[in-house]
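One structure below.
Nothing here was measured: the structure is a model prediction, and the numbers come from that model.
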Amino acid sequence: MILVPLATTTPSDPFYRYDGKEPLSSYEPRDVLKKRTLDYHGLGIPTPVKAIQLLYCSTDAQGRPSANVTTVVRSHSGDGSKAVSYQSFYDSLNPEDGPSRAVAGDVSFGGIIPQGEALLMAPLLLKGYDLVIPDTEGQTAEFAAGPAYATYTLDAIRASTRAEETGLHDGTRFGLLGYSGGAIATNWAAALAPRVRA
């Protein structure tokens, strides 16, 4: 039996909290509030792959300003011209199960799904696609709240093009991919994309 530490990135991780002086409502959805670069983790073990995490402004299920997290993984063979927004198939009522926490090193039963999804994302990276992996349920686990999933996804894409470290830009072509809970986000994002301003 192998024992792994649980919750190595605690809920008190300050990265997940917006603590700026200006009210969150003074920012536009897609504005980057914080950023950090860290090792991409698999089952809590750091890998040589680097991930850029962004805390960005978005809108919650009630239309209120909120802060959310997305992870960007750059392809070693990519040039920033193409990317896939991958919506994880995590379905959880616990915000600690979001993919960004798994990437940062958390190991939890509910967070095991994002760990296994690395196998699905690796071929995209090998083909030169950069990845944007939003926490589609937001920081309060707004489970199956389609419009919120859409804004979290679309604003994650937009935020990723505003952080120089990601290598993504306004000319990057994006595709959307998701299954299960990720399909909810993908479908709603595709439906609302024409109505959400860039």
* Asked: Where is the tightest heavy-atom contact between D130 and R74, given as atom of each residue plus distance?
  -> OD1-CA, 3.1 Å
* **Taking every non-hydrogen atom, the tightest pair across D91 and S180** => OD2-OG, 2.7 Å
* W188 vs Y152 side-chain heavy atoms within contact, under 4.5 Å -> no
* Would M121 and V49 show up in the same hydrophobic cluster when neighbours are defined by side-chain heavy atoms closer than 4.5 Å? -> yes
* Asked: Y18 and V69: same hydrophobic cluster, using ILVMFWY side-chain contacts below 4.5 Å?
  -> yes
* L120 side chain near Y86 side chain, heavy-atom distance below 4.5 Å -> yes
* Is the shortest heavy-atom distance from the side chain of V72 to the side chain of Q53 under 4.5 Å? -> no
* Check: D135 and P99 side chains under 4.5 Å, non-hydrogen atoms -> yes
* To do: Check the pair F174, L168 against side chain to side chain contact (heavy atoms under 4.5 Å, CB included), reporting the backbone distance first and the verdict last.
  => CA-CA 10 Å; F174 281 89; L168 304 175; 4.0 Å; yes
* Check R17 against L55 and note the closest heavy-atom contact, atom names and distance. => O-CD2, 3.8 Å
* Structure fact -> dist I52:CD1 -> E165:CD (nearest 0.5 Å) comes out at 6.5 Å
* Asked: Does a side-chain heavy-atom distance below 4.5 Å link N68 with Q139?
  -> yes
* **ILVMFWY network linking V103 to L125, side-chain heavy atoms under 4.5 angstrom** => yes
* Asked: Taking Q87 as the fixed residue, which of N187, T136, T186 is the one that meets the side-chain hydrogen bond (donor to acceptor under 3.5 Å, both in side chains) rule?
  -> T186
* Asked: Any side-chain heavy atom of T172 within less than 4.5 Å of one from K82?
  -> no
* Establish, from distance only, whether the side-chain atoms of S81 and D79 form a donor-acceptor pair under 3.5 Å. => yes
* Asked: Do the side-chain N and O atoms of S58 and D155 include a donor-acceptor pair separated by under 3.5 angstrom?
  -> yes
* To do: Start with the C-alpha distance between D39 and H41, add both sets of side-chain angles, then the distance that settles side chain to side chain contact (heavy atoms under 4.5 Å, CB included), and finish with yes or no.
  => CA-CA 6 Å; D39 294 331; H41 288 72; 4.1 Å; yes
* Structure fact -> To the nearest 0.5 Å, atom CG of L126 lies from atom OG of S77 at 7.0 Å
* Any link between L177 and V132 through a network of hydrophobic side chains (Ile, Leu, Val, Met, Phe, Trp, Tyr) touching at under 4.5 Å? -> no
* To do: For residues G181 and Y149, report the shortest heavy-atom separation together with the two atoms involved.
  => O-CE2, 3.5 Å
* Asked: In Å and rounded to the nearest 0.5 Å, what is the SG to CG distance from C57 to L24?
  -> 4.5 Å
* Asked: Step by step, would you call Y56 with Y27 a side chain to side chain contact (heavy atoms under 4.5 Å, CB included)?
  -> CA-CA 9 Å; Y56 63 95; Y27 293 95; over 6 Å; no
* Asked: Could you give the distance from CG (D31) to CZ (R158), rounded to the nearest 0.5 Å?
  -> 12.0 Å
* **Contact check, side chains of T140 and P95, non-hydrogen atoms, under 4.5 Å** => no
* Structure fact -> Here the pair of heavy atoms bringing H169 nearest to T161 is O-CG2, 3.4 Å
* Would you check if there is a donor-acceptor pair between the side chains of S88 and E117 at a distance under 3.5 Å? => yes
* Begin with the C-alpha distance, continue with both residues' side-chain angles, and end with the deciding distance and a verdict on side chain to side chain contact (heavy atoms under 4.5 Å, CB included) for F15 and K34. => CA-CA 7 Å; F15 181 76; K34 291 182 189 177; 3.7 Å; yes
* Asked: Roughly how far, to the nearest 0.5 Å, is OG1 of T151 from CZ of R30?
  -> 13.0 Å
* Asked: So, is the end of the R101 side chain (NZ or CZ) under 6.0 Å from the ring centre of Y16 and within 45° of the ring's axis?
  -> yes
* **A156 backbone acceptor or donor facing T70 side chain under 3.5 Å** => no
* To do: Without swapping roles, check the side chain of S85 against the backbone of L176 for a donor-acceptor pair under 3.5 Å.
  => no
* Heavy atoms, side chains only, cut-off 4.5 Å: are E137 and Y90 in contact? -> yes
* Flag for E164-T166: side-chain donor and acceptor within less than 3.5 Å -> no
* Say whether I157 and L131 are linked into one hydrophobic cluster, either directly or through other cluster members, by side-chain heavy-atom distances under 4.5 angstrom. => no
* So which heavy atom on T153 is nearest to which on A189, and how close? -> CG2-CB, 4.0 Å
